[in-house]
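Take a look at the structure below.
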Amino acid sequence: VIYLDHAATGLPRRPEALAAAIEAAGLGNPGRGLHAVQRAAREELEAARQAVAALAGSGVVCFTSGATVALNQAILGWRPRPRCVAIAPLLHNAVYRPLRASGAALWPLPHDGCGRIDLARVAASWVAGTSLVVVGHGCNVTGLMQPVAELVELAHARQAAVVVDCAQTAGLQVPLEVGAADALAWSAHKGLRALPGAGVLVVCGDAVLEPLLHGGTGFDAAAEEMPGELPQRLEAGTPNLPGIAALGRAAASARAETWDWRGAAAALAEAVQRGGAVIVGRGELPIVSFRLPGVAPRLAEEMLDRACDIVVRAGLHCAPLAHRLLGTLAEGTVRASAGSCTGPGELEMLGRALQEIARHGGD
Ligand SMILES: Cc1ncc(COP(=O)(O)O)c(C=O)c1O
């Protein structure tokens, strides 16, 4: 199988991450007791925290069960509660739905028509009272990257904090080029190719967060409320140590590697175009959305899968806002996304398969 759905989850999982998970599965419960078994577990947890912190560059790493939970925590737990939140275009539902649920007024940031934030227009039209900006670092539909570091500077100059969804960029860009953002979220299972069920919220600066979950932490059990300090404040309950250990090992490996993901993005786009497909939107990441003239996206996905053993994904990719902007809300797009293990031969096969499907027009 030619796997081109890395934006959904990164495969193959890193062998060293799998090994770390298996090792950690035999450990105890970190933070529960002071005995030798718990100490070993705590050491593993804290080593993973350090490795992830090194990837993030700064901030306190709080472990979660994934990007969705981390984003809910940041958005719904932000204090003081923002009355107006500036939102970037192209947001994933993991960001947009908690924003809607928060009840805050949402200010859609001006953009260039393709979804890239227009910083000059943001500065010129800044809505008074906006205290939080929420942005996706990389779009999971088009691969477009937002100018996050510049946006953070602009927002901070107006006393607004910035939360960044790094689900599509963590592990690709080292270090993450997000400037002095106030909170970052990502999952372990995408670009880092660790395991599902683990993720992080990295809290930087002096962000104040009300925990969404309340429970035991192994610290200060007599207190009636969650501890005031991070990361314990946001880590109620028994952590997923195998997933966290895998994440830590993957973060360390990712830092030590170089992957020409920009080159991969160009090669992927070229293969899709060679296949006669029309690219919808364009970005920097190796994620390309496209349509084959005369072939519905779902049918294209099915034909690539059944007839060519090529795995891509059709539909809205949990990002209806992106499709509304791109004019593809009705049927979505076909999305191909490459990973660091994707070879040129696989892209060649994709191009040829698309040509074949286009020739037969989905008959
Ligand atoms: C841009 C973006 N944000 C957030 C998420 C949510 O990640 P998870 O499902 O791992 O919680 C995804 C997953 O597809 C994503 O692509």
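Both ligands and their constituent atoms are indexed starting at 1 by order of listing.
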*asked:* Here's a test for you: under side-chain contact (heavy atoms from CB on, under 4.5 Å), which of V133, L71, V135 qualifies with V164?
replied: V135
_Under a 4.0 angstrom heavy-atom cut-off, which atoms of ligand 1 come close to A94?_
4 (C), 6 (C)
*Can you find a pair of side-chain heavy atoms, one from V334 and one from L292, that are under 4.5 Å apart?*
no
*Indicate, as side chain, backbone, both or neither, the part of A67 found under 4.0 angstrom from ligand 1 when only non-hydrogen atoms are considered.*
both
_Below 4.0 Å, non-hydrogen atoms only: which portion of D165 touches ligand 1? Side chain, backbone, both or neither._
side chain
*Using heavy atoms and a threshold below 4.0 Å, how should the contact between H317 and ligand 1 be classified: side chain, backbone, both, or neither?*
neither
_Which of the ligand 1 atoms, numbered from 1, are nearer than 4.0 Å to a heavy atom of N140_ = 16 (O)
*Is it true that a side-chain atom of Q146 and a backbone atom of G115 form a donor plus acceptor pair closer than 3.5 Å?*
yes
*Under 4.0 Å from a heavy atom of A167: give me the atoms of ligand 1 that qualify, with their elements.*
2 (C), 3 (N), 4 (C), 5 (C), 12 (C), 15 (C)
*Any donor-acceptor N/O pair, R13 side chain to R193 backbone, under 3.5 Å*: no
*Determine the minimum heavy-atom distance between H137 and V148, stating which atoms define it.*
CD2-CG2, 3.8 Å
*Starting from atom 13 (C) of ligand 1, locate the nearest protein heavy atom and write down its residue, its atom name and how far away it is, to 0.1 Å.*
K190 NZ, 2.8 Å
*Measure the shortest side-chain to side-chain distance between R335 and V141 over non-hydrogen atoms and say whether it is less than 4.5 angstrom.*
no
*Run the numbers for me: atoms of ligand 1, each under 4.0 Å from some heavy atom of S187, listed by number.*
7 (O), 8 (P), 10 (O), 11 (O)
*Flag the pair H317 / H92 as yes when their ring centroid distance falls below 6.0 Å, and as no otherwise.*
no
_Give me the residue, atom name and distance of the protein heavy atom closest to atom 15 (C) of ligand 1._
H92 CD2, 3.2 Å
*Consider only side-chain N and O atoms of S253 and E16, and report whether a donor and an acceptor are under 3.5 Å apart.*
yes
*Among protein heavy atoms, which sits nearest to atom 9 (O) of ligand 1, and what does the distance come to when rounded to 0.1 Å?*
T68 OG1, 3.7 Å
*When you measure from atom 16 (O) of ligand 1 to every protein heavy atom, which one gives the shortest distance, and what is it?*
Q168 NE2, 2.8 Å
*Could you tell me which atoms of ligand 1, counted from 1 in the order shown, lie closer than 4.0 angstrom to a heavy atom of H189?*
10 (O)
